Amino acid sequence: WCGRGLQICRTKTTAPKNYSDYESMRRSYNPPVPLHYNFAKDVLEQWEMKEKNGQRSSLPALWWVNDIEEVRWSFEELGFHSRRLANVLCQVCGLERGDRVFLILPRVPEWWLVNVACIRTGTVLIPGSYQLTARDIRHRLQASGAKCVITDDTLAPLLDSVATDCPSLRTKLLLSHSARHNWGNMTQLMGTVSDEHVCVNTRSEEPMTIFFTSGTTGSPKMTQHSHCSFGLGLTVNGRYWLDLTERDVFWNTSDTGWAKSAWSSVFAPWIQGACVFVHHMPRFDTSTVLKTLSRYPITTFCTAPTAYRMLVQEDKSRFRFQALEHCLCAGEPINPEVMWKWKELTGLHIYEGYGQTETVLIAGTFKGMKIKPGSFGKAAPGYDVQVVDEDGIIVPQGQEGNLAIRVKPHRPFSLFTEYTGEPERTAECFRGDFYLTGDRGMMDIEGYLWFVGRADDVILSAGYRIGPFEVENALIEHPAVAESAVVSCPDPVRGEVVKAFIVLTAAFKKSDQKELIQELQMHVKRVTAPYKYPRKIEFVDLLPKTVSGKIRRVELRKKEWEQKTSLN
Ligand code: ATP
Ligand code: MG
């Protein structure tokens, strides 16, 4: 299964800080859901208090750097600024509990303030990626009915160009050193209001945030979470998967518009009282990332598999990682080959996490448990994860099916509430006693889960079902392959065949392409079951990706199938 999948890492792993072993961790996690819950009051204010009483380490709550400046805020400072911003939202902008706030800022400290201020006021935060176009923004504002937008000088003109098409939009806040017509200046307004604010007593199930999904398979879906689903549910990520404590410095690189930023840049680390570290880079630069990891006391690092694929191309002799002890990834499958290379570079394993905008961590590899590269681990505490058929019936171990979470008799509190305004789409995700993730996978006899692919990405060739990930894993073991995307391509005999789009490593860019294609095909036949080998190969400079860096196989597949239609 999965190329090298069943080779097991036997190297010693760091002992977990927050639990003893996987089984007891799962058993012990069953938090009561209170009637009322508010992350700002129930978590952040508690850390603020502990800090005041000298009961927390001296690490900042937020440690932000770019290439020139540095900002360090304690929980007290975070509270001070966010209370002011909360007053701006209520008193100046006139926002009320339940009103929606659309936020598009890059990784600047104020992004974290808006997150906290919205929670304090009970307004519903809708983060958007900084890379959105005017069209995307118009769609998001119209679909969400947001009353307030917060952005900076760069995107304000885009906002203005669509504002008249968005009748719900009432107020606009600008993060800027200068003034702009019809916009309130956020920093200036914060200087005019009190730093005292009483946090709204939100009910646990009250809406807290709406995230748009990444749009890997289609148009992004508005996914609503409650104060408890993320604010409390992400304890699983922080305490167990990330294994954070208040002595940890945690760097998560995700874009501010992706649910992963709520997961790992806000809730999970702060639930544990850890320091959130941010390096604001104009663009992802591998050398800067590795330098940052060796220069700052970062203990825990999480980034996307696509980033790890780039990082492992760097020369390891240039870096020493002294504080780093726990590395993680989520969002896409991680290739076992990349895990080996990262181990060579840093001496550390990559712990994989599997989840969705709709959920908290569904499954993962946890410290102390044996890692099976190619598998994303076992069910996370709080979720009963099963592999089921189309009717929601559990399939035997070892058989492929839909990855699903049990929702009956008890619906986990850490599941999304709904796709906003789309009851039918929401209902379609539920089958029998389960929520279906839309992903295909299988469970082995030890309860480890193996990702096959998104339901739409699985290739059916001459009676075989082939997951793109298995072929991509085999390809990346060859030194010519930096990364690849494998999709189905129409074929008159087999119905579909496997086609690989490959980005070459620098050393192979000038090789004879015909020879290389044959060599790569032989290589795949050698390292995995031969029926999976890509009958077609195309070399490309870049692969189509989402803002969060996920490969959009759907785009490549569509092109292949459209070409066929136009040829007919
Ligand atoms: P959309 O739903 O709009 O098509 P998306 O599913 O990519 O986009 P997200 O919610 O950001 O949006 O991503 C969740 C999906 O990412 C999962 O359903 C799964 O397909 C994939 N994923 C996440 N983690 C992993 C992992 N460790 N291994 C394989 N796939 C993963
Ligand atoms: Mg999805």
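As the structure lists them, so they are numbered: ligands from 1, and atoms in each ligand from 1. Here the structure is a predicted model, which means the values were calculated and not measured.
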Please report whether ligand 1 has a polar contact with Ser214, defined as an N or O pair separated by less than 3.5 Å (distance criterion only).
yes

Look only at the side chain of Asn335 and the backbone of Val338, and say whether a donor-acceptor pair between them is shorter than 3.5 Å.
no

With atoms numbered from 1 as shown, which atoms in ligand 1 lie under 4.0 angstrom from a non-hydrogen atom of Thr216?
1 (P), 3 (O), 4 (O), 5 (P), 7 (O), 8 (O)

Are the ring centres of Tyr464 and Tyr531 closer than 6.0 Å?
yes

Is there a heavy atom in Gly355 that sits closer than 4.0 Å to ligand 1?
yes

Quick check on contacts: which atoms of ligand 1 are under 4.0 angstrom from a heavy atom of Pro333?
26 (C), 28 (N), 29 (C), 30 (N)

Does the side chain of Thr528 come under 3.5 Å of the side chain of Lys532 through a donor N or O and an acceptor N or O?
yes

Show me which atoms of ligand 1 lie under 4.0 Å from any heavy atom of Lys550.
7 (O), 9 (P), 11 (O), 12 (O), 13 (O), 14 (C), 15 (C), 16 (O)

Sidechain-backbone polar pair: Arg431 side chain, Glu390 backbone, donor-acceptor under 3.5 Å:
yes

Nearest protein heavy atom with distance in Å, relative to atom 6 (O) of ligand 1
Arg454 NH1, 3.1 Å

N or O contact, Ser219 vs ligand 1, cut-off under 3.5 Å
no

Gap separating the CG atom of Leu361 from the CZ atom of Phe376, nearest 0.5 angstrom
9.5 Å

For Asp439, which part has a heavy atom under 4.0 Å from ligand 1: side chain, backbone, both, or neither?
side chain

Donor-acceptor contact present, side-chain Arg552 to main-chain Gly215, <3.5 Å
yes

Give me the residue, atom name and distance of the protein heavy atom closest to atom 2 (O) of ligand 1.
Lys221 NZ, 2.9 Å

Strictly under 4.0 Å, does any heavy atom of Gly353 approach an atom of ligand 1?
yes

Below 4.0 angstrom from a heavy atom of Thr217, which ligand 1 atoms are there? Numbered from 1 as shown, please.
1 (P), 4 (O)

Phe451 and ligand 1 - part of the residue with a heavy-atom distance under 4.0 Å
side chain

Based purely on interatomic distance, does Gly215 place a nitrogen or oxygen under 3.5 Å from a nitrogen or oxygen of ligand 1?
yes

If you count the atoms of ligand 1 from 1 in the order shown, which ones are under 4.0 Å from a heavy atom of Glu352?
26 (C), 27 (N), 28 (N)

Please report whether ligand 1 has a polar contact with Gly331, defined as an N or O pair separated by less than 3.5 Å (distance criterion only).
yes

Got a second to check how far His349's NE2 is from Lys343's NZ, nearest 0.5 Å?
5.0 Å

If you count every heavy atom of other residues, nucleotides or ligands that lies below 6.0 Å from Lys17 atom NZ, does the total exceed 12?
yes

Sidechain-backbone polar pair: Tyr383 side chain, Ser414 backbone, donor-acceptor under 3.5 Å
yes

Measure from the ring center of Tyr419 to the ring center of Phe416 and say whether it is less than 6.0 Å.
yes

Please identify which atoms of ligand 1 are closer than 4.0 Å to at least one heavy atom of Trp258.
11 (O)

Using the six-membered ring of Phe212, assess whether NZ or CZ of Arg140 lies under 6.0 Å from its centre and within 45 degrees of the ring axis.
yes

Ligand-residue contact atoms, ligand 1 with Thr357, heavy atoms, under 4.0 Å:
9 (P), 10 (O), 11 (O)

